[in-house]
Amino acid sequence: MEQLDFPSDEVWSERRFWFEALESVAGESGAPAPSEQACALMIDLQSSFCAGAFSAVAILAAAIVEAQIGEAPKDPEQRKARRWLQDLRNKLVHEDPEFPVITVEDHWLRRSEWEEVARRAILLAFAALYPNADLPWEEEAQ
């Protein structure tokens with residue numbers, strides 16, 4: 001089962017480099033450094049993403065965003081994206097047995113879609129931690 005195997009070195013590295021490129025942009029934003037706990041959660045987020053645990057990434061990213069929420073973003077698109085992440089997290093954590101948001105079949109047939117979901121969630125976590133960062137979340141989070 002591909003989803004239970006270690007990703008290839010190439011896949012792991014591509015995911016890692018993508019995540020670290022976001023970290024670099026965020027770090028240059030002039031925002032204060034995140035808390036110790038936020039940094040620790042971001043390490044878990046990166047590890048989960050690199051491993052391909054995409055629904056776990058969405059749940060963890062939503063927790064990071066929720067922990068950072070102060071003022072709602074001024075950008076309506078970013079507010080809408082945060083709502084999407086919160087709704088997804090709720091659907092993943094509070095299962096509707098008749099309409100599951102993720103299925104075992106998704107691990108076989110929709111891995112690439114779930115990876116895009118995970119990338120969008122990660123971008124939102126970075127946007128919450130670094131609100132002034134010039135992140136490419138609008139383009140990549142669609």
* To the nearest 0.5 angstrom, please state how far the CH2 atom of W114 sits from the CD1 atom of I102. => 4.5 Å

* Asked: Which heavy atom in M42 sits nearest to a heavy atom in A125, and how many Å separate them?
  -> SD-CB, 4.3 Å

* Kindly determine whether F6 and V11 satisfy side-chain contact (heavy atoms from CB on, under 4.5 Å), including the steps that lead there. => CA-CA 10 Å; F6 289 110; V11 168; over 6 Å; no

* Provide the closest heavy-atom pair for L45 versus A61 in the form atom of the first, atom of the second, distance. => CD1-N, 3.8 Å

* Contacts of type side chain to side chain donor-acceptor pair (under 3.5 Å), residue E20, not counting sequence neighbours -> R16, Q46

* To do: Nearest 0.5 Å please: distance from the CZ atom of F54 over to the CD1 atom of I59.
  => 14.0 Å

* Asked: What are the two closest heavy atoms between S29 and A26, and how far apart are they?
  -> OG-O, 2.8 Å

* Structure fact -> Rounded to the nearest 0.5 Å, the CD1 atom of I122 sits from the CH2 atom of W18 at a distance of 4.5 Å

* Structure fact -> side chain to side chain donor-acceptor pair (under 3.5 Å) filter on D44, not counting sequence neighbours, yields none

* Taking all heavy atoms of L88 and all of A58, pick out the closest pair and write down the distance. => CD2-CB, 3.8 Å

* Single-linkage hydrophobic cluster V57~W12, side-chain heavy atoms < 4.5 angstrom -> no

* **Rounded distance (nearest 0.5 Å) linking atom CG of L124 with atom CZ of R83** => 13.0 Å

* Salt-bridge test for R120 and E116: reply yes if a basic N is under 4.0 Å from a carboxylate O, no otherwise. => no

* Atom pair CD/OH of Q68 and Y130 - distance to nearest 0.5 Å -> 9.5 Å

* Asked: Could you go step by step and tell me if R15 and R119 meet the side-chain contact (heavy atoms from CB on, under 4.5 Å) rule?
  -> CA-CA 9 Å; R15 291 175 184 159; R119 287 177 188 265; 4.3 Å; yes

Counting only pairs under 3.5 Å, give me each side-chain donor-acceptor contact of residues 89-96, with atom names and distances, residues two or more places apart or in other chains.
from : atom 1 : to  : atom 2 : distance (Å)
N90  : ND2    : Q86 : O      : 3.4
D96  : OD1    : E98 : N      : 3.1

* **Considering all heavy atoms, the nearest P34-C39 contact** => O-SG, 3.8 Å

* **Side-chain donor or acceptor of S13 paired with backbone N/O of E10 under 3.5 Å** => no

* Structure fact -> Rounded to the nearest 0.5 angstrom, the CG-OG1 distance for L109 and T103 is 8.0 Å

* Over all heavy atoms of both residues, which pair between G52 and R111 is shortest? Give the atoms and the distance, please. => O-NH2, 3.2 Å

